[in-house]
Number of protein chains: 2
Amino acid sequence: MAELDSPEEAGLVAQWRDLLARHARTACLLDRELGEKHGLGMSEFEVLERLVEGCESGDKGLRVQELAPTVHLSQSALSRLIGRLEKAGLVTRAMCAADRRGIQVALTEEGRRCYAEARALHREVLSLTLAEEP
Amino acid sequence: MAELDSPEEAGLVAQWRDLLARHARTACLLDRELGEKHGLGMSEFEVLERLVEGCESGDKGLRVQELAPTVHLSQSALSRLIGRLEKAGLVTRAMCAADRRGIQVALTEEGRRCYAEARALHREVLSLTLAEEP
DNA sequence: AGACACTACATGCACATGCATCCAATGCAA
DNA sequence: TTGCATTGGATGCATGTGCATGTAGTGTCT
């Protein structure tokens with residue numbers, strides 16, 4: 001029975017611990033800052049960003065499935081996240097004409113504005129936390 | 001108002017997205033595999049590992065505070081995590097003689113065994129998920 | 001000793017998440 | 001067309017998390 005890690009395994013473990021530390025620092029600070037100052041969670045922001053990237057101003061929006069790869073969440077969690085954004089007035093849900101099972105999620109003006117306001121803070125947090133070494 | 005990211009910002013965002021993807025892949029698979037085959041979550045495993053590293057066989061164990069830096073959890077979440085490990089028979093909680101506010105957390109034989117059994121799977125998952133590029 | 005601030009951990013509560021399941025719409029086969 | 005498997009998304013439920021708070025023990029100052 002292996003009681004000690006091989007050098008390769010030790011490297012993997014070190015890499016994983018570093019990743020965990022960076023992720024925790026960044027995610028925690030992002031959630032706190034975006035939450036306090038813009039009422040957004042980290043994943044909410046990611047979804048808004050994907051919507052901004054994925055559709056022009058007059059566009060119908062994106063399907064829920066197209067948003068899924070962006071946020072690393074289960075389908076149910078994404079569904080509820082969109083529900084929160086909708087309740088906050090940042091996106092609209094509309095039936096998809098082509099496939100009436102699908103839902104088109106589109107940014108509202110308020111959503112666009114909220115994203116634009118939060119963006120600088122988001123980048124600022126990244127530059128703070130991703131730079132540190134430990 | 002900046003509508004586009006500067007090159008430095010774009011680099012940070014790309015780095016962050018890569019980190020998020022790696023973290024999600026690895027954490028999700030670790031939770032699933034360790035959960036199915038050993039009844040452990042990712043953080044439970046990390047705590048067991050810290051206990052193995054931090055105390056010899058006959059040792060009294062570690063203070064809760066000494067475990068905190070390892071798992072990136074709030075104090076309350078860590079307290080409950082230890083509660084779960086205790087209920088599962090993998091660790092014991094004992095009053096700390098020197099400072100009776102403190103709690104000594106020590107591995108049981110069962111805990112040591114469980115960790116030893118889960119270790120290979122843990123390393124295997126890391127080597128799988130940390131290697132991939134996307 | 002007595003009062004008070006502080007520390008270590010536990011707990012009530014609100015909330016986000018994943019899993020399983022449900023429902024409606026679609027597509028395909030007979 | 002009818003029947004049935006599949007897909008897109010929503011929802012009930014159990015659980016894990018953070019925040020705020022509670023409780024007990026410690027240290028300090030007078």
Side-chain angles (χ1 to χ4, degrees), chain A residues 20 23-36 39-47 51 60-88 91-106, chain B residues 20 23-36 39-47 51 60-88 91-106:
Chain A
L20 277 177
H23 177 271
R25 272 205 317 266
T26 309
C28 184
L29 191 55
L30 272 180
D31 260 335
R32 177 181 320 280
E33 292 291 307
L34 290 175
E36 272 183 16
L40 293 174
M42 190 185 78
S43 297
E44 277 86 344
F45 179 88
E46 302 283 347
V47 166
L51 282 171
K60 298 279 192 60
L62 271 63
R63 300 281 302 264
V64 173
Q65 278 200 322
E66 303 178 279
L67 292 171
T70 310
V71 271
H72 305 280
L73 288 178
S74 68
Q75 178 266 319
S76 70
L78 177 55
S79 176
R80 283 186 250 251
L81 193 159
I82 294 171
R84 268 172 267 146
L85 291 177
E86 185 185 30
K87 191 158 56 183
V91 306
T92 57
R93 273 200 268 217
M95 222 184 50
C96 176
D99 181 344
R100 285 160 55 200
R101 292 168 299 184
I103 296 287
Q104 294 276 354
V105 181
Chain B
L20 276 177
H23 178 271
R25 272 205 317 266
T26 309
C28 184
L29 190 56
L30 271 181
D31 260 337
R32 177 181 320 279
E33 292 292 306
L34 289 175
E36 273 183 14
L40 293 174
M42 189 185 78
S43 297
E44 277 86 344
F45 180 87
E46 303 282 347
V47 166
L51 283 171
K60 297 278 191 63
L62 271 64
R63 299 280 300 264
V64 173
Q65 278 200 319
E66 303 178 278
L67 293 170
T70 310
V71 269
H72 305 281
L73 287 178
S74 68
Q75 179 265 318
S76 69
L78 176 55
S79 177
R80 282 186 249 251
L81 193 160
I82 294 170
R84 268 172 266 146
L85 290 178
E86 186 185 29
K87 191 158 59 183
V91 306
T92 57
R93 273 201 267 217
M95 221 184 50
C96 176
D99 182 345
R100 286 160 56 198
R101 292 168 300 185
I103 296 287
Q104 294 276 355
V105 181

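Numbers restart at 1 for each chain; the letters A, B, ... are given by sequence-line order, proteins then strands. All figures in this text were calculated on a predicted structure; none of them were measured in a lab.
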D/dG9, D/dA10, D/dT17: which one has an atom nearest the side-chain heavy atoms of B/A77? D/dT17

Taking for each residue the nucleotide of DNA chain C bearing the nearest heavy atom, is the 5' side occupied by A/S76 or by B/R63? B/R63

For B/T26, the side chain to side chain contact (heavy atoms under 4.5 Å, CB included) test, sequence neighbours excluded, returns A/W16, B/L30, B/L126, B/T129, B/L130

Protein-nucleotide distance (A/R32, atom CZ; D/dC19, atom C1'), rounded to Å: 10 Å

For A/H23, the ring-ring contact (aromatic ring centres under 6.0 Å, His included) test, sequence neighbours excluded, returns B/H23

Please set out all donor-acceptor pairs under 3.5 angstrom arising from side-chain atoms of residues 61-69 of chain A, sequence neighbours excluded.
| residue | atom | partner | partner atom | Å |
| --- | --- | --- | --- | --- |
| A/E66 | OE1 | A/R63 | N | 2.7 |

Sorted by chain and residue number, the salt bridge (charged side-chain N to carboxylate O under 4.0 Å, His left out) partners of B/E33 (sequence neighbours excluded) come out as B/K37

Please report, rounded to the nearest Å, how far the C1' atom of D/dG22 is from the CD atom of B/Q75. 12 Å

Taken to the nearest whole Å, CE/B/M42 to P/D/dG16 is 14 Å

Locate the shortest heavy-atom distance separating B/L20 from A/M42; write the atom from each residue and the value. CD2-CE, 4.0 Å

Residues that A/R32 engages under side chain to side chain contact (heavy atoms under 4.5 Å, CB included), provided they are two or more places apart: A/C28, A/E36

Residues which pass side chain to side chain contact (heavy atoms under 4.5 Å, CB included) with A/R80, listed by chain and number, not counting sequence neighbours: A/S76, A/R84

Non-neighbouring partners of B/A77 that pass side chain to side chain contact (heavy atoms under 4.5 Å, CB included), sequence neighbours left out: B/L73, B/S74

Per nearest nucleotide of DNA chain D, the residue lying toward the 5' end, A/G102 or A/C28, is A/G102

Side chain to side chain donor-acceptor pair (under 3.5 Å) filter on A/R93, not counting sequence neighbours, yields A/E86

Which whole-number value in Å describes the distance from A/L29 CG to D/dG18 C1'? 15 Å

Expected list for residues 80-88 of chain A near DNA chain D, using heavy atoms below 4.0 Å, is A/R80

Grab the two heavy atoms, one from B/V105 and one from B/L51, that are nearest each other, plus how far apart they are. O-CD2, 3.5 Å

Residues in salt bridge (charged side-chain N to carboxylate O under 4.0 Å, His left out) with A/R101, at least two apart? A/D99

Check the interface with nucleotides 23-29 of chain D: list each N/O to N/O pair with the protein under 3.5 Å, or write none.
| residue | atom | partner | partner atom | Å |
| --- | --- | --- | --- | --- |
| D/dG25 | N2 | B/R101 | NH1 | 2.8 |
| D/dT26 | OP1 | B/R100 | N | 3.4 |

First and last nucleotide of DNA chain C touching chain B, 5' to 3', heavy-atom cut-off 4.0 Å? C/dT7 to C/dC19

